[in-house]
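Structure, as structure tokens:
Here is the naming used below: chain letters follow the sequence lines, and residue numbers restart at 1 for every chain.
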Amino acid sequence: MKRRPENEGRAEHGSVERVPAELDTVKPGRLLDRSFFARDSVVVAPELLGCIVTANGVSVRLTEVEAYREDDPASHSFRGRTPRTAVMFGPAGFLYVYFTYGMHYCANLVCGEDGAGAAVLLRAGEVIDGEPIARGRRGETVKDRDLARGPARLAQALGWGREDNGRDMVGAVRAGEPTLWAAGPRTGITKAADTPWRFAIPGDRFVSPYKRHPKAPAAEQDQAPPAK
DNA sequence: CAAAGGATGGCCT
DNA sequence: GGCCATCCTTTGG
């Protein structure tokens, strides 16, 4: 079975594609093993959409992820291995947590072969279990939609912090129902923002809003037509 | 020692 | 939804 574009995307996403063939054989609910993660992060990323991550009493269905690799200027691993990025250069299936904006944490699943320096950032999801616990961490007044819509919100909802860097996630991620996916430009970064490695479930209300980084170079105009 | 990197919450339209 | 204020850690020089 081949992947193929099904229609022209909106300005945000270039195209909508069918569920990856590899996942057609992975039954929903089945735990993803280490070999699943030990492939190119750009291949693994879209396959993670719809999958369920469980940690500390909360389960999240992933709606948006982003791939990073060592050859990617926007990746923390781009300048080689450092104390901070050591986990990224280790074996796949482990959690890479980094601190950002002086107050938030973001979580990635390490991908690729041992030493590859690749990972998939978990950008957004829907809390499908343990909602009271998630709300306790996020705030009692937070709307359901915003419990895990955003990388730092998702990490907080799952109770992750610095001490979770390097945690083995094999056994904590399950295959989900097959889903459509779309690839688009990345948000929040200044370098290689137009490399279409941000993957999301089209139309899902738990996908975070696309916001280009103010300092990112302007997008090329010859691609998709203006939104409207 | 200086520079770069980044998401969220609040408030207003 | 758009615009604004907020800040510590890591890395390069």
Does A:R186 qualify as a cation-pi partner of A:Y68, given the criterion of NZ or CZ under 6.0 Å from the six-membered ring centre and within 45 degrees of its axis? yes
A:Y210 six-ring face occupied by A:R212 cation (under 6.0 Å, within 45°):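 Not satisfied by the 6.0 Å and 45° rule.
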Would you say the side chain of [Y] lies within less than 4.5 Å of the side chain of [X], judging by non-hydrogen atoms?
X	Y	value
A:M88	A:N108	no
A:F199	A:V44	no
A:T85	A:Y96	yes

Residues in salt bridge (Lys or Arg N to Asp or Glu O under 4.0 Å) with A:R123, at least two apart?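 Checked A:R123 against salt bridge (Lys or Arg N to Asp or Glu O under 4.0 Å); matches are A:E64, A:E66.
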For A:K211, give me all partners under salt bridge (Lys or Arg N to Asp or Glu O under 4.0 Å), at least two apart in sequence or on another chain.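 For A:K211, no residue satisfies salt bridge (Lys or Arg N to Asp or Glu O under 4.0 Å) once neighbours in sequence are set aside.
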Take A:R149 and A:R162, find for each the nucleotide of DNA chain C with the closest heavy atom, and name the residue whose nucleotide sits nearer the 5' end.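 Checking each residue's closest nucleotide, the 5'-ward one belongs to A:R149.
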Nucleotide range of DNA chain C lying under 4.0 Å from chain A heavy atoms: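 The protein-touched segment is C:dT6 to C:dG12.
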Proximity to DNA chain B (any heavy atom under 4.0 Å), residues of residues 128-142 of chain A only: A:R138
Scan the side chains in residues 152-170 of chain A for donor-acceptor partners under 3.5 Å anywhere in the protein, sequence neighbours excluded, and list what turns up.
{"residue": "A:R153", "atom": "NH1", "partner": "A:R149", "partner atom": "O", "Å": "2.7"}
{"residue": "A:Q156", "atom": "OE1", "partner": "A:R138", "partner atom": "NH1", "Å": "3.1"}
{"residue": "A:Q156", "atom": "NE2", "partner": "A:R137", "partner atom": "O", "Å": "3.2"}
{"residue": "A:D164", "atom": "OD1", "partner": "A:R167", "partner atom": "NE", "Å": "2.9"}
{"residue": "A:D164", "atom": "OD1", "partner": "A:R167", "partner atom": "NH2", "Å": "2.7"}
{"residue": "A:D164", "atom": "OD2", "partner": "A:G161", "partner atom": "N", "Å": "2.8"}
{"residue": "A:N165", "atom": "OD1", "partner": "A:V97", "partner atom": "N", "Å": "2.9"}
{"residue": "A:D168", "atom": "OD1", "partner": "A:R34", "partner atom": "NH1", "Å": "3.3"}
{"residue": "A:D168", "atom": "OD1", "partner": "A:R34", "partner atom": "NH2", "Å": "3.3"}
{"residue": "A:D168", "atom": "OD1", "partner": "A:V170", "partner atom": "N", "Å": "3.1"}
{"residue": "A:D168", "atom": "OD2", "partner": "A:R34", "partner atom": "NH2", "Å": "2.8"}

Starting at CG of A:L31, measure out to CZ of A:F36 and round the result to the nearest 0.5 Å. 12.0 Å
Taking A:R69 first and then A:D72, would you say they form a salt bridge - that is, a charged N and a carboxylate O separated by under 4.0 Å? no
The contact string for nucleotides 2-7 of chain B, one letter per nucleotide 5' to 3', using protein heavy atoms under 4.0 Å with B, S and - for base, sugar-phosphate only and none, comes out as ---SBB
